Asker: 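Mind having a look at this structure? Questions to follow.
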Amino acid sequence: MKIAFIGLGNMGAPMAANLSKAGHEVTGFDVAGATAEGVGTAASGPEAATGADVVITMLPNGQILRSVAAEVIPAMSPGAVLLDCSTVDVESARAVADQAAEAGLGALDAPVSGGIGGASGGTLTFMVGGSDEAFAKARPLFDIMGQKAVHCGPSGNGQAAKICNNMILGVTMIATCEAFALADKLGLSREAMFDVVSTSSGYSWSMNAYCPAPGVGPQSPADNGYKPGFAAELMLKDLGLSQQAAEAADADTPMGQRALELYRAFVEDEGGTGRDFSAMLPRFEKRGRG
Ligand code: NAD
């Protein structure tokens, strides 16, 4: 396939390189001049998009996605698919999909989980919103860039799935960290805490697969000085998107709201920027109730 790839950052560059390695003809554009291995360079988004079967975007936020989409949609060929893999607000995803449909194009919102390691290794999970037809067309590309693609329904549903998942993740990580800090104060060893909780009803991905306590459980960013991994500021972004969606949909999400407040304080006032989101444990460790 002829593919345009717009946004060659930490995630986009390795994803584009994997598509090229698999034999697709990939042309990239990044406003910062970033490039990717095996990927041709265009002078603009519309230039990259001209004649492409699929235009992939991997951009920082919904506002940038909207402005890039407004530029590239008129340059795309009828029947081509606009495939956005960024994490953005549900509203922007739906607005861009509507605009693409009006121009006779397919559109998919397909945010990912798996991080930079997943992007490099081609092991991402895609959560996808859009038509069956567009999903079928993009399927071979998902198979190259990832190990799993779940079709979640119409446009916007990929973003909805991503932010709901990450709201659970943020809340359970905080719950796991505060429970470890309490256990410390009660004189329980971290090993005993892990052994019990990971096999009892308090278990979760945060405890079992990504344990925030160093030296306990499987290898995780905690064993590497809390170097991300999944950075706290990215968790903050996703929690912000989930609260934005909750407000728009009139959903009551008090735990998600509290997780947002805690990650905001961590990132903005407590030195959490650039640290893994599981570094909430050393944050709680140092604190009392006051
Ligand atoms: P990044 O900042 O490294 O990359 C974004 C790229 O987009 C940058 O290179 C930037 O120059 C480019 N860009 C910005 N405006 C542009 C424009 N108008 N035209 C062309 N290029 C433009 O970010 P990233 O870590 O690659 O993340 C990309 C998206 O993936 C985000 O939405 C993020 O939330 C999501 N995501 C990231 C991770 C992660 O671990 N990094 C994990 C899951 C999802």
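Atoms within each ligand, like the ligands themselves, are counted from 1 in listed order. What you see below is based on every heavy atom in this structure, not just the backbone, and it leaves out hydrogens, waters and symmetry mates. Residue numbers count from 1 along this sequence. This one's a predicted model, so the numbers in the text were calculated from it and none came from an experiment.
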Asker: Using a strict threshold of under 4.0 Å (side-chain N to carboxylate O), is an ion pair present between E285 and R190?
Answerer: yes

Asker: Stepwise, does the salt bridge (charged side-chain N to carboxylate O under 4.0 Å, His left out) test hold for K227 with D276?
Answerer: CA-CA 6 Å; K227 201 169 152 276; D276 189 73; over 6 Å; no

Asker: Which atoms from ligand 1 have a heavy atom of A32 less than 4.0 Å away?
Answerer: 11 (O)

Asker: Could any protein non-hydrogen atom be found less than 4.0 Å from atom 40 (O) of ligand 1?
Answerer: yes

Asker: I need the nearest protein heavy-atom contact for atom 3 (O) of ligand 1: residue, atom name and distance, please.
Answerer: N10 N, 2.9 Å

Asker: Determine whether any heavy atom of A34 lies closer than 4.0 Å to an atom of ligand 1.
Answerer: no

Asker: Would you say that more than 12 heavy atoms from the other residues, nucleotides or ligands in this model lie under 6.0 Å from the CD of Q99, or not?
Answerer: yes

Asker: Can you sort out which atoms of ligand 1 are near G115, meaning under 4.0 Å from one of its heavy atoms?
Answerer: 40 (O), 42 (C)

Asker: Among all the protein's non-hydrogen atoms, which is closest to atom 30 (O) of ligand 1, and how far away is it?
Answerer: M58 CE, 3.1 Å

Asker: Quick one: does S67 get an N or O within less than 3.5 Å of an N or O on ligand 1?
Answerer: no

Asker: In the protein, which heavy atom is nearest to atom 36 (N) of ligand 1, and how far is it?
Answerer: T87 OG1, 4.0 Å

Asker: Look only at the side chain of Y226 and the backbone of G272, and say whether a donor-acceptor pair between them is shorter than 3.5 Å.
Answerer: no

Asker: Any idea which atoms of ligand 1 are less than 4.0 Å away from a heavy-atom of F29?
Answerer: 19 (N), 20 (C)

Asker: Any N or O of D238 that comes nearer than 3.5 Å to an N or O of ligand 1?
Answerer: no

Asker: Any nitrogen or oxygen of G229 lying under 3.5 Å from a nitrogen or oxygen in ligand 1? Just yes or no.
Answerer: no

Asker: Protein heavy atoms: any of them under 4.0 Å from atom 9 (O) of ligand 1?
Answerer: yes

Asker: Name all pairs fulfilling the side-chain hydrogen bond (donor to acceptor under 3.5 Å, both in side chains) condition that reach into residues 156-167, sequence neighbours left out, sorted by first residue then second.
Answerer: R94-N157, N166-D238

Asker: So, does S200 use its side chain to make a donor-acceptor pair with the main chain of V196 at under 3.5 Å?
Answerer: yes

Asker: Tell me the closest heavy-atom pair linking A213 and L281, and the distance in Å.
Answerer: CA-CD2, 3.6 Å

Asker: When you look at CZ of F284, are more than 12 heavy atoms from neighbouring residues, nucleotides or ligands closer to it than 6.0 Å?
Answerer: yes

Asker: Side chain or backbone of V31 under 4.0 Å from ligand 1, or both, or neither, by non-hydrogen atoms?
Answerer: both

Asker: Quick one: pull up OG1 in T50 and CE in M76 and give me the separation to the nearest 0.5 Å.
Answerer: 10.0 Å

Asker: Which of the numbered atoms in ligand 1 are under 4.0 angstrom from any heavy atom belonging to I6?
Answerer: 20 (C)

Asker: For S86, take its heavy atoms, then give the atoms of ligand 1 lying under 4.0 Å from any of them.
Answerer: 32 (O)

Asker: Among E71, E233, K237, M15, which residue places a heavy atom closest to atom 33 (C) of ligand 1?
Answerer: K237

Asker: Can you pull out the closest protein heavy atom to atom 15 (N) of ligand 1? Residue, atom name and distance to 0.1 Å, please.
Answerer: I64 CG2, 3.5 Å

Asker: What is the minimum heavy-atom distance between A93 and D109, and which atoms define it?
Answerer: CB-CB, 4.0 Å

Asker: For ligand 1, note which part of P60 has a heavy atom under 4.0 Å away: side chain, backbone, both or neither.
Answerer: both

Asker: Is there any side-chain hydrogen bond (donor to acceptor under 3.5 Å, both in side chains) pair reaching into residues 72-84, and which pairs are they, with sequence neighbours excluded?
Answerer: T57-D84, D84-S86

Asker: Can you pull out the closest protein heavy atom to atom 4 (O) of ligand 1? Residue, atom name and distance to 0.1 Å, please.
Answerer: G9 CA, 3.3 Å

Asker: Out of all atoms in ligand 1, which are within 4.0 Å of some heavy atom of L234? Include the element for each.
Answerer: 39 (C), 40 (O), 41 (N)

Asker: Give me the residue, atom name and distance of the protein heavy atom closest to atom 6 (C) of ligand 1.
Answerer: D30 OD2, 3.6 Å

Asker: Nearest 0.5 Å, please: how far is CE in M145 from CG in L83?
Answerer: 5.5 Å

Asker: Does one side chain, of E247 or Q243, offer a donor that lies under 3.5 Å from an acceptor on the other?
Answerer: no

Asker: If you measure only the distance, is there a donor-acceptor pair under 3.5 Å linking the side chains of T41 and T35?
Answerer: no

Asker: Distance under 4.0 Å to a non-hydrogen atom of V68: what atoms of ligand 1 satisfy this?
Answerer: 17 (C), 18 (N), 19 (N)

Asker: Taking only heavy atoms of L59, which atoms of ligand 1 are found under 4.0 Å from at least one of them?
Answerer: 7 (O), 13 (N), 16 (C), 21 (N), 22 (C), 28 (C), 29 (C), 31 (C), 32 (O)

Asker: In terms of the angle between their ring planes, are F126 and F142 parallel, tilted or perpendicular, with boundaries placed at 30° and 60°?
Answerer: tilted

Asker: Can you tell me the protein heavy atom closest to atom 37 (C) of ligand 1 and the distance?
Answerer: M11 CG, 3.7 Å

Asker: Can you check whether F230 has an N/O within less than 3.5 Å of an N/O in ligand 1?
Answerer: no

